[in-house]
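Notes follow once the structure below has been shown.
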Amino acid sequence: MYLVFPNFNLYSLTLLIFVLQGLIFAFLLLKRYFNKKHLSDLFLSLLLIISGYHSTTYIIGFMDWYDTYRNTKINYWLIHFIFAIGPLIYFYIKSLTQPYFKFKKIDYLHFLPALLYFIYRASIFIYDASLPGFDNVQNGWFISNIHESYVSPVIDIITELSRIIYLFLAGSLFVRYRKSIVQYFSNTYNVELNWLRNFLIIYTALYIFGLFIQITDYSFFENYWKQRWWAFLVGSLTMVYVGMMSYFSDLSKLYNLQAPKDSSTGENLDSETKTEEISKELKTQVTAFMDSKKPYLNPEITLADLAKELQLSSNQLSQIINTEFGKNFNEFINEYRVEMFKSKVKDESLQHLSLLGIALECGFNSKATFNRVFKKITHVSPSEYLKSMN
């Protein structure tokens, strides 16, 4: 037989290049996991490896494998582990928004559907291989008459529901985390959180695009290989982008970022025994401490750190800041930093420093954070504020 496989053409070669690049980042993430033991690297690595494996069907198809080897049985082993995609996305977000998260035995249940589907596909192969004439066909009796006609459409519906559920759960985790982080930390870690947001947007968009391809295929016209190729092209580009961004993005700040757990025996201010006078006294105590000790100059100050210095529980301090000052912790700290910046920028002895240099002296940890916070509080940019002074 004259072999034309592999046929490196526009369709096969493009997918192959992007998928291989994505897999390189997958194995780099896996290597980093074994070195640093960050579960987020493991989950994302597995997500990229499975995504690359799914693309194999179309890569070898466009390389003319099926035309060259007419009786190939490779269809039995190109199994879509789509049931694992949703859980991996969910656990990736969970491992970063709950940094002390540990993967427990019960969590394996999320991957049970993927395991059962693998067993089902292996059973199909064993059954079909036992029937006469199996060596003369590409697909045996069960996969041709039962699986493709009846089981596969049901599996498609279940997998779409699974992805919707897990994307919703992952999105809910992220939204709750982003809302709560301002209550405990003076920096909101926008760069890191923006990456998680973009990650969810990308996989939601990828899901919607894939769903669109399936709906048009079932309801309007049949999408052939070349039409479906676009979905796999987008998927392979996503692999490269997600792999590259996650590998080169510094997410280390999120790994130990967790809301404080109170071990203090301090009473809750909502108790009936607490009076308005005590709240006012605590507000005065906090204000005096902020003015004298200037804890906001520490760029990484947290609610737990400040509560410890004030000899209060984190719950007490959070409630004082929320009710007495009308702010969350992040706003409370950054307003002090902005006011100090306004004071320092007028100091002639500091004229040799840049605006960023002065901002860093005031407790800000980056130019981007400083510009964003300053404009949010004063409604003008730092440079516009400087011009107004002159």
Side-chain angles (χ1 to χ4, degrees), residues 1-32 44-82 84-85 88 114 117-118 121-122 124-125 128-129 134-140 143-144 147-148 152 156 159 199 202-203 205-214 216-217 221-248:
M1 178 190 294
Y2 176 69
L3 298 181
V4 297
F5 177 86
N7 177 12
F8 293 109
N9 52 57
L10 175 65
Y11 296 102
S12 63
L13 189 58
T14 304
L15 285 182
L16 181 63
I17 290 172
F18 288 133
V19 168
L20 286 177
Q21 288 178 330
L23 289 175
I24 288 172
F25 283 112
F27 286 109
L28 287 173
L29 287 166
L30 192 60
K31 180 182 178 183
R32 191 167 72 182
L44 192 56
S45 174
L46 293 175
L47 178 62
L48 294 177
I49 290 171
I50 289 175
S51 299
Y53 176 72
H54 287 175
S55 298
T56 304
T57 307
Y58 280 77
I59 293 175
I60 65 172
F62 280 113
M63 286 181 175
D64 293 336
W65 172 287
Y66 300 102
D67 293 331
T68 305
Y69 304 103
R70 303 296 297 179
N71 299 335
T72 181
K73 302 302 183 290
I74 198 169
N75 281 346
Y76 285 88
W77 301 109
L78 292 176
I79 303 169
H80 278 210
F81 288 99
I82 200 68
I85 296 293
L88 287 171
Y117 185 61
F118 173 79
R121 290 297 298 266
I124 290 177
F125 175 78
D128 279 351
F134 182 66
D135 292 338
N136 301 321
V137 295
Q138 187 174 105
N139 295 321
I143 199 170
S144 297
H147 175 76
E148 292 183 355
S152 184
D156 288 341
T159 54
F199 173 84
I202 287 168
Y203 273 98
L206 194 63
Y207 160 73
I208 293 172
F209 182 63
L211 188 62
F212 170 77
I213 294 291
Q214 282 200 332
T216 56
D217 188 41
F221 52 84
E222 184 176 355
N223 289 311
Y224 294 97
W225 283 73
K226 290 183 179 179
Q227 286 79 43
R228 289 177 174 271
W229 178 82
W230 290 100
F232 282 89
L233 176 64
V234 172
S236 62
L237 289 171
T238 299
M239 279 184 66
V240 176
Y241 175 76
V242 169
M244 179 176 63
M245 289 300 295
S246 58
Y247 185 75
F248 290 111

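All figures in this text were calculated on a predicted structure; none of them were measured in a lab. We use all heavy atoms of the structure for the numbers below, so side chains are in, but hydrogens, waters and symmetry mates are not.
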Checklist line | Interatomic spacing from CG in N71 to CZ in F134 - rounded to 0.5 Å | finding: 10.0 Å
Next item on the list: Check the pair R70, V137 against side chain to side chain contact (heavy atoms under 4.5 Å, CB included), reporting the backbone distance first and the verdict last.
Entry: CA-CA 7 Å; R70 303 296 297 179; V137 295; over 6 Å; no
Check: When you measure from the side chain of H147 to the backbone N and O of I124, does any donor-acceptor pair fall under 3.5 Å?
Finding: no
Margin query: If I compare all heavy atoms of K73 with all of Q138, which pair ends up nearest, and what's the gap?
Written below: CD-O, 3.7 Å
Check: Of the non-hydrogen atoms in L48 and V242, which two are nearest, and what is the gap between them?
Finding: CD2-CG1, 4.3 Å
Check: How far does CG of L15 sit from OG of S236, to the nearest 0.5 angstrom?
Finding: 5.0 Å
Next item on the list: Measure the spacing between OG of S12 and CG of N7 and express it to the nearest 0.5 Å.
Entry: 6.0 Å
Notebook entry, point to check: With no hydrogens and no angle check, is any side-chain donor or acceptor of Y66 less than 3.5 Å from a backbone partner on T72?
Noted result: no
Check: So F25 and F248, side chain to side chain contact (heavy atoms under 4.5 Å, CB included) or not? Walk me through it.
Finding: CA-CA 10 Å; F25 283 112; F248 290 111; 3.7 Å; yes
Next item on the list: Report the distance from atom CZ of F27 to atom CZ of R32, rounding to the nearest 0.5 Å.
Entry: 15.5 Å
Next item on the list: Quick one: pull up CG in L237 and CZ in F18 and give me the separation to the nearest 0.5 Å.
Entry: 5.0 Å
Notebook entry, point to check: Donor-acceptor pair, W229 side chain versus Y11 backbone, under 3.5 Å?
Noted result: yes
Next item on the list: Enter the distance from L20:CG to I59:CD1 here, rounded to the nearest 0.5 Å.
Entry: 7.0 Å
Check: Ring centres of W230 and F209 under 6.0 Å apart?
Finding: no
Check: So, the side chain of N9 versus the backbone of F62: is there a donor-acceptor pair under 3.5 Å, distance only?
Finding: yes
Notebook entry, point to check: Under 4.5 Å between any side-chain heavy atoms of Y203 and T238, yes or no?
Noted result: yes
Check: Side chains of I60 and P6: closer than 4.5 Å at any heavy-atom pair?
Finding: no
Margin query: Please give me the minimum heavy-atom distance between F199 and L47, naming the atom from each residue.
Written below: CZ-CD2, 4.0 Å
Check: Is there a side chain to side chain donor-acceptor pair (under 3.5 Å) between D128 and Y76 once you walk through the steps?
Finding: CA-CA 10 Å; D128 279 351; Y76 285 88; 2.7 Å; yes
Notebook entry, point to check: Nearest heavy-atom pair of S55 and V19: which atoms, and what distance?
Noted result: CB-CG2, 3.7 Å
Check: With a 4.5 Å limit on heavy-atom distance, are the side chains of E148 and N139 in contact?
Finding: yes
Checklist line | Parallel, tilted or perpendicular: rings of F232 and H80 (30°, 60°) | finding: perpendicular
Notebook entry, point to check: Under 3.5 Å, is there a donor-acceptor pair linking the side chains of Y117 and R121?
Noted result: yes
Notebook entry, point to check: Any side-chain heavy atom of M63 within less than 4.5 Å of one from L16?
Noted result: yes
Notebook entry, point to check: Looking at L30, I50, L23, L28, which hits side chain to side chain contact (heavy atoms under 4.5 Å, CB included) with S45?
Noted result: L30
